[in-house]
Amino acid sequence: MLDKLRAIKDRWDDVERLISDPKVISDMKQFTKLNKEYKDLKVIVNAYHEYKNLLENIESAKAVLMTEKDEEFRSMAKAELEELNSRKEKIEPEIRNLLVPKDPEDSKNAIVELRAGTGGDEASIFAGDLFRMYSKYCDNKGLKLEVIDSSAGTAGGYKEIIFEVSGENPYGTLKFESGVHRVQRVPQTETQGRVHTSAATVIVMPEAEEVDVVLNPADIEMQTSRSGGAGGQNVNKVETKVQLTHKPSGLVVVCQVERSQLGNRERAMNMLRTKLYELELAKHNEAASKRRKTMVATGDRSEKVRTYNYPQSRITDHRINMTIHNLPNFMNGDIQEMIDALQLAENAERLKEGGILA
């Protein structure tokens, strides 16, 4: 582990020299990229210095015990050694987590699609409950959530809702939410008090930038129509709603949240890039996902990832076999404990892949 830390320290020194180079400073794109790397590596370099100093102090305390004959000095050295070893046991797992290779997608904005699955009206209501859960979570975390498109359910909730999350590491925070979420509860429409099972699908994608996916205008077919819902006096008079079809892939995206056709077209183009980028990203990550024992990294939309059991007030994540017995708080946005556990499971697999853990 110390060798890996030294190598990162050497890279940090190189980056520090580069960001002082006038040629690099004049290239804003390269300078921004290196400056981010410098800040990211600094956290690990600080941990390296602390760990290196800790190991040196442990060796010094051991040397005192080996050579010192004065019992008072030996007693002091022994107490110090116990304290240092305790600190070492605590800091090593923290450093291992810092050494987990960073996913370059984590810092990107997240595009989240929620769709009602099996269960009719109850599935739409549950999709609405999940949207409320994510909204409250984002609000608590200081993440910005903005709805891109939605289709309301006939009895409440949503048949489908698409939203964008921006802020600090939005995709890295929410990516493990992808998959089928199942709910077990008595629906509002149920008169016999029977528990029903329904589901909603969550899809989380990293937002693509123009440099990630190049779209050929000839491959895109655009249709416009009048938007529905709130949006001002022109909402039913001007065709601001935009639908884009990517002919080679058959992908279709719709956007109607902006007040202008141009604004909706720009948003729709961004959504289309994101969907195409996700397809390529899924192919790229498939081999790594197969190697891992956990299902955390796969993001397979067909897999049942979590069950929300209302009668027993419990939430179970099936990928890591974790259960939390506080469903009201969880549905109120208190989901960080589950996200942390999923991240920890993923980190453990990536540490094994990187040879940091046996």
Side-chain angles (χ1 to χ4, degrees), residues 32-33 35-36 39-40 43 102-115 126-152 157-179 181 200-213 227-232 235 240-242 244 253-278 281 299 306 329-340 342-343:
T32 303
K33 184 180 178 182
N35 200 43
K36 184 181 184 305
K39 289 177 181 177
D40 290 343
V43 178
K102 300 295 180 187
D103 186 340
E105 312 302 324
D106 283 356
S107 60
K108 292 187 174 183
N109 290 347
I111 303 294
V112 184
E113 297 183 2
L114 271 173
R115 292 196 181 96
F126 179 51
D129 292 340
L130 289 177
F131 174 67
R132 179 177 173 274
M133 178 184 83
Y134 291 129
S135 298
K136 286 186 170 290
Y137 173 74
C138 289
D139 190 48
N140 293 336
K141 293 287 290 182
L143 296 169
K144 183 183 176 183
L145 186 151
E146 191 173 6
V147 175
I148 296 172
D149 192 28
S150 65
S151 175
Y158 299 96
K159 292 178 183 175
E160 177 184 70
I161 183 164
I162 302 168
F163 55 93
E164 178 182 2
V165 179
S166 56
E168 186 177 350
N169 285 344
Y171 177 68
T173 302
L174 294 171
K175 62 184 178 183
F176 300 121
E177 294 302 297
S178 284
H181 293 237
T201 302
V202 180
I203 302 166
V204 184
M205 300 172 284
E207 183 181 48
E209 300 169 8
E210 286 191 46
V211 292
D212 294 324
V213 176
S227 294
V235 74
T240 56
K241 182 177 179 179
V242 171
L244 297 181
V253 295
V254 179
C255 187
Q256 61 176 344
V257 292
E258 300 291 343
R259 291 172 183 263
S260 71
Q261 188 183 110
L262 180 62
N264 281 323
R265 184 183 182 279
E266 288 179 358
R267 275 186 173 271
M269 286 289 284
N270 194 39
M271 289 167 62
L272 186 57
R273 273 194 295 267
T274 294
K275 284 176 175 284
L276 290 168
Y277 182 66
E278 193 222 4
L281 189 66
R306 194 175 297 155
N329 277 12
F330 197 89
M331 298 307 294
N332 220 24
D334 187 10
I335 63 175
Q336 190 62 53
E337 183 184 356
M338 188 69 82
I339 288 175
D340 288 344
L342 288 161
Q343 185 68 65

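Please read these numbers as outputs of a predicted model, since none were measured by experiment. Note that these values count all heavy atoms, side chains included, but never hydrogens, waters or copies made by symmetry.
Residue Ile203 holds its CD1 atom at 6.5 Å from NZ of Lys275, rounded to the nearest 0.5 Å. Phe126 contributes atom CZ, which lies 9.0 Å from atom CG of Leu114 (distance to the nearest 0.5 angstrom). How far OG of Ser151 is from CD of Gln256: 9.0 Å, rounded to the nearest 0.5 Å. Distance check: Asp129 CG to Asn332 CG gives 11.0 Å after rounding to the nearest 0.5 Å. Summarising the geometry, atom CG belonging to Leu276 is positioned 10.5 Å from atom CE belonging to Met205; distances are rounded to the nearest 0.5 Å. A distance of 5.5 Å separates CE in Met133 from CE in Met331, rounded to the nearest 0.5 Å.
The two residues Gly172 and Gln343 come nearest to each other via the heavy atoms O-OE1, 3.8 Å. When all heavy atoms of Arg265 and Leu244 are compared, the closest pair comes out as O-CD1, 4.3 Å. For the residue pair Ile339 and Glu177, the shortest heavy atom distance occurs at CG1-OE2, 4.1 Å. When every heavy atom of Ser107 is checked against every heavy atom of Pro170, the shortest pair comes out as O-CD, 3.8 Å. Across all non-hydrogen atoms, the minimal contact from Asp149 to Val254 is OD2-O, 3.5 Å.
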Would Asp106 and Tyr171 count as a side chain to side chain contact (heavy atoms under 4.5 Å, CB included) here? Give the steps.
CA-CA 5 Å; Asp106 283 356; Tyr171 177 68; 4.1 Å; yes
Determine, stepwise, if the pair Tyr134 / Ile335 fulfils side chain to side chain contact (heavy atoms under 4.5 Å, CB included).
CA-CA 9 Å; Tyr134 291 129; Ile335 63 175; 4.1 Å; yes
Side chain to side chain contact (heavy atoms under 4.5 Å, CB included) assessment of Val202 paired with Arg306:
CA-CA 11 Å; Val202 180; Arg306 194 175 297 155; over 6 Å; no
So Val253 and Thr274, side chain to side chain contact (heavy atoms under 4.5 Å, CB included) or not? Walk me through it.
CA-CA 11 Å; Val253 295; Thr274 294; over 6 Å; no
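Note: Tyr158 and Phe131 have perpendicular aromatic rings, judged against thresholds of 30 and 60 degrees for the angle between ring planes.
A 4.5 Å side-chain heavy-atom check between Arg259 and Thr240 finds every atom pair outside the cut-off. Contact annotation: the side chain of Glu105 never approaches that of Lys175 to less than 4.5 Å [non-hydrogen atoms, C-beta and beyond]. Counting only heavy atoms from C-beta outward, the side chains of Thr201 and Glu113 never approach each other to under 4.5 Å.
Of the candidates Val165, Leu145, Asp334, Thr173, Tyr137 forms a side-chain contact (heavy atoms from CB on, under 4.5 Å) with just one, namely Thr173.
At least one donor-acceptor pair closer than 3.5 Å links the side chain of Asn264 to the backbone N or O of Glu258. Remark: side-chain polar atoms of Asn140 are paired, donor with acceptor, to backbone N or O of Lys136 under 3.5 angstrom. Distance alone, capped at 3.5 Å, places no donor-acceptor pair between the Ser166 side chain and the Asn109 backbone.
The local environment of CD in Gln336 is crowded, with over 12 non-hydrogen atoms from other residues, nucleotides or ligands closer than 6.0 Å.
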